[in-house]
2 protein chains.
Amino acid sequence: MLSNSSKYAIKGVLYLALNSNADHKVLVRDIYDTIHVPEAYLAKLLQELSRHGIISSTRGPKGGFYLSDEDRKHTLLEIVKVIDGEHRLNSCVMGIRNCDMDNPCVLHKLVGGNKSKFINVLESTTILDLVDGKKGVEEFFPL
Amino acid sequence: MLSNSSKYAIKGVLYLALNSNADHKVLVRDIYDTIHVPEAYLAKLLQELSRHGIISSTRGPKGGFYLSDEDRKHTLLEIVKVIDGEHRLNSCVMGIRNCDMDNPCVLHKLVGGNKSKFINVLESTTILDLVDGKKGVEEFFPL
DNA sequence: CATAAAAAGGATAAAAATATCTTTTAATCT
DNA sequence: AGATTAAAAGATATTTTTATCCTTTTTATG
């Protein structure tokens with residue numbers, strides 16, 4: 001339903017939301033220290049998000065990844081779509097061909113309702129929403 | 001959240017629920033023809049379920065897989081647990097360590113409710129429930 | 001008792017997901 | 001300009017999941 005990669009990406013973005021802005025960019029290394037996602041792998045995921053304009057980055061000294069105010073308006077669903085692609089979320093929970101919301105299989109009816117809600121949460125929650133009122137990264141990543 | 005293997009297994013069991021009983025066993029080949037799960041792979045999954053007592057089987061001529069009346073009382077969750085193991089479903093949606101229902105991370109709160117409901121559905125739905133009132137396998141596996 | 005049917009089991013192969021390493025490009029600061 | 005820093009990009013490696021194949025064991029039946 002949600003790949004590890006997507007989860008990693010969300011964690012990374014959350015870290016950025018709490019610890020970065022245009023004047024304070026952060027290195028992958030720093031993110032890694034806190035969220036414990038393999039450094040090189042996380043870098044790949046962030047690069048991908050950056051390429052798609054979900055997050056921002058600059059190269060060179062004083063460079064790093066960060067979130068602009070605009071970036072913070074993106075939703076969790078956008079992150080997931082970039083990393084996992086459209087198909088993973090839209091396809092039938094049971095992987096049954098020609099089964100969708102309009103012509104659902106029995107299992108879909110059983111389980112699909114919860115899935116849609118899950119997607120709705122992802123779709124209606126922006127980075128900003130998540131971080132709003134939170135002060136430290138600890139609230140998100142308890143050790 | 002649910003592996004392909006689990007989905008395959010559920011499909012196979014559904015087929016058995018609709019097409020088998022102690023007096024009418026079915027071959028993996030027959031199931032394969034309908035649900036389009038790779039034959040040898042499906043055989044492995046059904047063997048696993050059989051070993052765990054979720055479904056029944058007998059070897060030799062006139063043998064095959066089938067569901068006894070007792071078998072039909074098993075829940076979808078039991079199938080998933082045999083195939084995917086306990087951990088996959090119980091772990092934090094976000095894969096965060098030391099995060100569980102009692103001490104949930106922020107994302108857990110956001111998304112965990114739906115997940116629990118999903119598990120509840122699996123837990124409270126028996127094979128019998130699913131099949132009840134259905135006449136043909138087509139209702140489950142639209143092509 | 002021989003034979004054939006069918007699951008069970010073991011070993012292997014292919015594909016996808018996850019992770020790492022190396023090289024290139026761009027920005028900043030002397 | 002040149003040196004340095006850091007992300008971007010590309011190539012490669014590892015692991016896990018998914019899938020297949022082949023042999024063995026069990027069992028019903030002629």
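Predicted model only: the values in this text are computed from it and were never measured. Numbered from 1 within each chain, the chains take letters A, B, ... in sequence-line order. Hydrogens, waters and symmetry mates play no part in the numbers below; they use all other heavy atoms, side chains included.
Listed nucleotides dA8(C), dA7(D), dT18(C) differ in distance to Ser3(A); the shortest reach to its side chain belongs to dT18(C). Side-chain proximity of Tyr8(B) to dT18(C), dA5(C), dA19(D): nearest is dA19(D). Looking at the side chain of Lys44(A), the nearest of the listed nucleotides dA11(D), dA7(C), dG10(C) is dA11(D). For Tyr41(A), taking side-chain heavy atoms from C-beta onward, the closest of the listed nucleotides dA19(C), dA19(D), dA5(C) is dA19(C). Here dC29(C) is the nucleotide among dT18(C), dA8(C), dC29(C) with the atom lying nearest to any side-chain atom of Lys62(A).
Between the NZ atom of Lys7(A) and the C1' atom of dT18(C) there is a distance of 13 Å, given to the nearest Å. Between the P atom of dA7(D) and the CZ atom of Arg29(A) lies a distance of 10 Å, rounded to the nearest Å. Taking atom CG on Asn4(B) and atom C1' on dA17(C), their separation rounds to 13 Å, with Å as the unit. Atom OH in Tyr32(B) sits roughly 19 Å away from atom C1' in dA7(C) (whole-Å rounding). Taking atom CD on Glu39(B) and atom P on dC21(D), their separation rounds to 10 Å, with Å as the unit. Here the P atom of nucleotide dA28(D) and the OH atom of Tyr66(B) are 11 Å apart, to the nearest Å. At whole-Å resolution of the value, CG in Leu42(A) and C1' in dA6(D) are 15 Å apart. When the C1' atom of dA7(C) is taken as reference, atom CG of Asp30(B) falls 14 Å away, rounded to whole Å.
Looking only at distances, a side-chain donor or acceptor of Ser124(A) sits under 3.5 Å from a matching main-chain atom of Asn120(A). Within the 3.5 Å criterion, the main-chain N or O of Ala17(A) finds a donor-acceptor partner in the side chain of Arg72(A). Proximity of a side-chain donor or acceptor of Ser56(B) to a complementary backbone N or O of Leu67(B) within less than 3.5 Å is not detected. A distance-only check finds a donor-acceptor pair linking the side chain of His36(B) to the backbone of Thr34(B) [under 3.5 Å]. Put simply, the side chain of His74(B) gets close to the backbone of Asp71(B): a donor and an acceptor are under 3.5 Å apart.
Both Ala43(A) and Pro61(A) lie close to DNA chain D; mapped to their nearest nucleotides by heavy-atom distance, the more 5′-ward contact belongs to Pro61(A). Place Arg59(A) and Val37(A) on DNA chain C by their nearest nucleotides, and Val37(A) ends up nearer the 5' end. Between Ala40(A) and Gly63(A), the residue anchored closer to the 5' end of DNA chain C is Ala40(A), taking for each the nucleotide with the nearest heavy atom.
Contact annotation: Ser5(B) reaches the phosphate of dT18(D) (side-chain N/O to OP1 or OP2, under 4.0 Å). The phosphate of dA6(D) has neither OP1 nor OP2 within less than 4.0 Å of any side-chain N or O from Ser57(A). Of the side-chain N and O atoms in Arg51(A), one or more sit less than 4.0 angstrom from OP1 or OP2 of dA9(D).
For the pair Phe65(A) and Ser57(A), the tightest heavy-atom approach, listed with the atom from each and the gap, is CD2-CB, 3.5 Å.
Residue Gln47(A) places no side-chain atom within donor-acceptor reach of the base of dA7(D), judged by atom type and a 3.5 Å distance cut-off alone.
Residue contacts for Leu46(B): at a heavy-atom cut-off of 4.0 Å it reaches no nucleic acid atom on any strand shown.
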